[in-house]
Every structure is written in structure tokens, then in C-alpha cells.
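One structure is given here, and the rest of the page talks about it.
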2 protein chains.
Amino acid sequence: MSPRTAPLTRTAALEVDGGSRRADAAGEDLPRGVDLGGLTGHLGYLVRRAQLWIFQDFIRTLAILDIRPAEYSVLTVIGRNAGLKQMALASTLGIERARLVHLLDRLERRGLVQRRASATDRRSHALHLTAKGRKMLARIEVLASEHEQHVVARVGGEHHKELLRLLALFAFG
Amino acid sequence: MSPRTAPLTRTAALEVDGGSRRADAAGEDLPRGVDLGGLTGHLGYLVRRAQLWIFQDFIRTLAILDIRPAEYSVLTVIGRNAGLKQMALASTLGIERARLVHLLDRLERRGLVQRRASATDRRSHALHLTAKGRKMLARIEVLASEHEQHVVARVGGEHHKELLRLLALFAFG
DNA sequence: TATTGTTATACTCTATAACTATA
DNA sequence: TATAGTTATAGAGTATAACAATA
């Protein structure tokens, strides 16, 4: 298809607005000197960039086990809290309960997790790792540690510790 | 459905290292006593929880202007770098160029952004804010600051400053 | 040949609403 | 009535691949 923004006024990039403080004059390719303006003052922007980097590394590092971050967190919490209900797991991890259903479906299909009938409430399921799930989790944890070492290598050990402390404070009050 | 009820051994075991501490004041209450295991040692987990909280507050605070975080970042960077190419913008913000097309489509439809012909490279577009876009950005910045104050209130001013410093180091260092 | 913007597809994740079976 | 799990849908966001125009 042809350019969909058809006409495109050919007013070259000549400076018009009062809002732009920076060059555009310098011949258009501002390779790395792009001004982020107020973004660097927003925790949300920096946190997003951090998550992007971290999750990509996690997925790459655990690709051989085909485990993604959300699945890792689910297996970890079930492993530590056998018999947990889905609702409790969902709100603990900040995952929508509707989404957790699909995560558990996949983990159950892979034979890593079991939904058992709850003794006390027949509406709910008690979540357990299978023997295979426990073995898998052990292998996962090796690679997850390796991944975290990549993060440490990226930010430095001291900064990593500081970030864990500060973000924990943030996340849990 | 499933086999019998679990042995239901003590599901708690919450003595381990810095698991879950307190319920969350502003919104979701984490079920107390659920052991997060190694998750609290993973920056990725904490960063995700932080982003969840921050983005939800941003979206809520700027709902009246119908501006989401990605759109805010795009408008901000164009405002500061008039004439920027789409590729440069995309790689600056860590947005896929294919996704940026849709973001710009929407902002252009709303009359906030213009794609102009580049003087030097006829493949590329020079991005500019319209007058309306500049006015809108000014209003957006007021609410974005308000949002950031919510974040400060959540973590404390000192911690907020520390986090900005450490995460900037992470994202760009 | 490589790059820019575009279109297209697939998959992950978030956010709701509604349904069922229990409580 | 309310809650736990499920199903369904819509919309962001990420990740690729391919294509036309241009470099």
C-alpha cells in the first residue's frame, strides 16, 4: 500500500513550536541525544524500562524450561503454601483470578500442579505441586538464580540490594 | 473431579525471610501469612508489583484526559524533540515500531500530533506536536505531576528520590 | 542490500461481566 | 446475598514477519 497518510504537507521540519527546546536543527538524526524531558522524573517510566529488561532476560534464561515469570511466581508460592486457594494465590500475586485459571490450566496440563478438592469449602480448590512439579521447580530455581545474577551484573550488587529493599517497601507498604 | 482432600499439612510456614509483611493500605489486601518464598529476592517480581500500582494510579489520575502512560511518554518526547523520526522515538522509548504506528495514529486522529515529510529522508516522517497537542500536553503535565505526588506519598520523598537515582542507573547505566 | 513506516498475526496480560455451584 | 472458580470478550502491550518505497 502507498503511504496511508497521503498528502503530508511538505513543510520541512522547520521549527515552529515554542515547546521544543532542542535541536531538530542538527540535521534530524538525533541518534542518542534524545531529550526525555520530564520522564526521568517519573518512577513509572523507569520502572517500566527496568521490567522490560528484567523480564526479557528472565524469559531468555528460562526458555529451555519454557517457564515465564508469572508461571514461576505461581509455582513458587504454591510450593511454599500447599493447599492454598486460587483466590488467595491470585490476590497475593496481583493476578486476576480469571487469568490465574488459564495459568493453572497450563501448569496442570504439564503435570506440575494439581487442583484438589478443599476439605472445608467445596467451591474452592486446594492447590498442590505434583512430585514432577517439585522436581521442575528445583530446576527452575537454578535458572532463576542465574537470571538474578544477570540483574546483579547489570546494576551492581550494592544497588541490587538497595533496590530490593526500596521496592519491597514500595510494594508491601 | 480430583482425588481426596490434601493432607493439608500446615500451609503456613511463614517464618522465612521477609515474606509478606502487612496488608496493603491503598487497595488490594494481600492475604497475610502467604509465603512468597524466593520471590522477594527477585527484582523482577518487585518491579512488576511497583509498575502495577504506579500505572493503575497514572491511568486513574489522567482518565479525565484519556491519556495512558505510553501516550504520555510519546507526547513528552515529541514535544522536546520536534522533527524526531518514528524509529528514533520507538527505540528511545523501548516501544516496537509497529506498535508506535498505532499510538501515533490515535494521537494524530485526536489532532495532537502531526507526521510531516522529512526534508532529508523521504522514507521517514518528522513528528511534531500541533498547537492543540502542546496545549494538551500542558494540561497532561499538571495531572502527571499530581500522579507522581501520589507515588511520593506512597513511598516517601527520600525513597522516591533514591529509587529514581537507582533505576535510572539501571535503565541507562 | 538495508532501513522506514506500515500491515498483519499470534501470544501475553489486564480488566470486566456473566454464569455455576456452592456458602 | 455473597464468594470461588470458570468462561468469554475487549483492549493493551510484546514479538515477529512481510511488504512498498526509499536509501
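We name chains A, B, ... by the order of the sequence lines, and we start the count at 1 in each one. Computed from heavy atoms alone, side chains included, the values below leave out hydrogens, waters and symmetry copies.
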**Request:** Would you mind checking if A/R110 and A/D105 are paired as a salt bridge, meaning a charged N to carboxylate O distance below 4.0 Å?
**Result:**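 Here A/D105 does not pair with A/R110 in a salt bridge, since their nearest N and O are not under 4.0 Å apart.
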**Electrostatic pair A/R165:A/E162 at N-O distance under 4.0 angstrom** =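 A salt bridge links A/R165 with A/E162.
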Just how far, in rounded Å, is [atom2] of [N] from [atom1] of [X]?
X      : N      : atom1 : atom2 : result
A/Q86  : D/dT7  : CD    : C1'   : 13 Å
B/H125 : C/dT6  : NE2   : C1'   : 9 Å
A/L104 : D/dA4  : CG    : P     : 15 Å
B/F55  : D/dA12 : CZ    : C1'   : 11 Å
B/L84  : C/dG5  : CG    : C1'   : 14 Å
B/K85  : D/dA21 : NZ    : C1'   : 14 Å
A/Y45  : D/dG13 : OH    : C1'   : 16 Å
B/L127 : C/dT4  : CG    : P     : 13 Å

**Prompt:** Side-chain N or O of A/R60 less than 4.0 angstrom from OP1 or OP2 on D/dA15?
**Reply:** no
**Asked** Is the closest side-chain donor-acceptor distance between B/Q114 and B/H125 under 3.5 Å?
**Response**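 Not at all, the side chains of B/Q114 and B/H125 share no donor-acceptor pair under 3.5 Å.
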**Asked** Mapping A/D105 and B/E71 to their closest nucleotides on DNA chain D, which lands nearer the 5' end?
**Response**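 Its nearest nucleotide lies further toward 5', so the answer is A/D105.
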**Asked** If you check every side-chain atom of B/A70, which of D/dG13, C/dG5, C/dT6 has the closest atom?
**Response**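 Side chain of B/A70 sits closest to D/dG13.
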**Fill in**
Comparing A/L103 with B/H102, nearest DNA chain C nucleotide closer to 5' gives the residue B/H102
**Request:** Ignoring hydrogens and angles, tell me if any N or O in the side chain of B/E71 forms a donor-acceptor pair with the backbone of B/R68 under 3.5 Å.
**Result:**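 Here the side-chain-to-backbone pair exists.
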**Prompt:** Do any N or O atoms from the side chain of A/Q86 and from the backbone of A/L100 form a donor-acceptor pair under 3.5 angstrom?
**Reply:** no
**Fill in**
Readout for nucleotides 14-22 of chain C: B = base within 4.0 Å of protein heavy atom, S = sugar-phosphate only, - = neither; 5' to 3' it is BSB-B--BB
**Asked** How long is the span from the CG atom in A/L127 to the CG atom in A/L84, to the nearest 0.5 Å?
**Response** 6.0 Å
**Request:** Please name all residues satisfying ring pair (Phe, Tyr, Trp, His ring centres under 6.0 Å) with B/Y45, sequence neighbours left out, ordered by chain then number.
**Result:**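 Scan of B/Y45 (ring pair (Phe, Tyr, Trp, His ring centres under 6.0 Å), adjacent residues dropped) gives none.
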